[in-house]
Amino acid sequence: MGQTQELGQIIILNGVPRSGKSSIVAVIQETFDGVWMNLGVDRFMQMTPARYLPGIGLRPGGERQDIEPLVPILYSAMYESIAAHSRLGLNVVVDVGHHEAYAIPHGILADSARRLNGLPVLFVGVRCPIEMIMERRQNTGWNVVSAVDSSIPRPIQLWQREVHIPGIYDLEVDTSLLSPGACAEVIRQHLADNPAPSAFQRLAAHHT
């Protein structure tokens with residue numbers, strides 16, 4: 001690490017909870033060359049006082065409007081930390097659930113991109129069918145309250161829609177079709193073939 005001034009690579013895995021992001025993170029940390037720091041949303045939520053949770057994990061639907069003003073500040077701190085690690089030559093993998101469907105519009109994704117301007121970023125969309133998402137939630141006991149008829153709750157539907165906006169990613173993987181290891185290999189190969197992804201930087205142009 002101390003022998004090079006190269007910037008650390010940043011991989012951002014964006015998808016809804018239980019889409020399989022954390023399993024891909026584990027493979028990247030274990031098998032990719034170099035030091036890979038996990039600075040994902042779960043790590044930052046662990047540092048957040050309980051009364052301000054879910055904080056940056058706030059889902060669509062406005063269930064905690066009292067902490068809405070804090071959300072962009074928490075994301076800013078998170079991305080400044082990501083940028084600092086990269087500038088020190090540390091690789092960073094980030095698993096998040098970015099969406100723009102807060103009760104109050106924040107433009108968080110574009111602002112986050114601006115904070116990583118000039119750094120090597122690969123923005124990966126992690127897909128998984130919503131039916132499988134619900135099955136994984138039920139199997140892990142991690143549910144939101146659903147309707148009596150067991151329909152998919154609106155916040156989950158909204159989140160699924162918002163994270164899969166067409167054209168915003170450098171690369172997309174589907175965890176219903178590929179294992180975590182196979183997803184990581186697709187990412188590895190994309191990095192080798194495309195050393196300068198720019199999709200995340202293009203989002204910064206929309207920051208106001």
Find out whether [X] and [Y] are in side-chain contact, i.e. whether some heavy atom of one side chain is under 4.5 Å from a heavy atom of the other.
| X | Y | answer |
| --- | --- | --- |
| Leu178 | Val186 | yes |
| Thr175 | Val126 | yes |
| Met132 | Ser19 | no |
| Phe200 | Ser112 | yes |

inquiry  = More than 12 heavy atoms of other residues, nucleotides or ligands under 6.0 Å from CG of Asp33: yes or no?
reply    = no
ask   = Where do Leu13 and Ile187 land on the side chain to side chain contact (heavy atoms under 4.5 Å, CB included) test, with the steps shown first?
value = CA-CA 10 Å; Leu13 305 175; Ile187 293 169; 3.9 Å; yes
key: Rounded distance [0.5 Å steps], CG in Leu109 versus CZ in Arg114   = 13.0 Å
task = Starting at CG of Leu116, measure out to CZ of Arg87 and round the result to the nearest 0.5 Å.
result = 8.0 Å
message = Using the rule given for side chain to side chain contact (heavy atoms under 4.5 Å, CB included), can you reason through Leu58 versus Leu53, listing the C-alpha separation, both sets of side-chain angles and the distance that settles it, and then say yes or no?
response = CA-CA 8 Å; Leu58 191 67; Leu53 291 174; over 6 Å; no
task = Just jot down the ring pair (Phe, Tyr, Trp, His ring centres under 6.0 Å) partners of His164, sequence neighbours excluded, or say none.
result = none
ask   = Can the ring centroids of Tyr79 and His98 be said to lie less than 6.0 angstrom from one another?
value = yes
task = Could you list all the salt bridge (charged side-chain N to carboxylate O under 4.0 Å, His left out) pairs where at least one residue sits in residues 172-185, not counting sequence neighbours?
result = Arg127-Glu172, Glu185-Arg188
ask   = Does Gln201 use its side chain to pair, donor to acceptor, with the backbone of Leu119 at less than 3.5 Å?
value = yes
ask   = Are a donor atom and an acceptor atom from the side chains of Asp111 and Tyr75 found within less than 3.5 Å of each other?
value = no
request  = Establish, from distance only, whether the side-chain atoms of Gln46 and Asp42 form a donor-acceptor pair under 3.5 Å.
outcome  = no
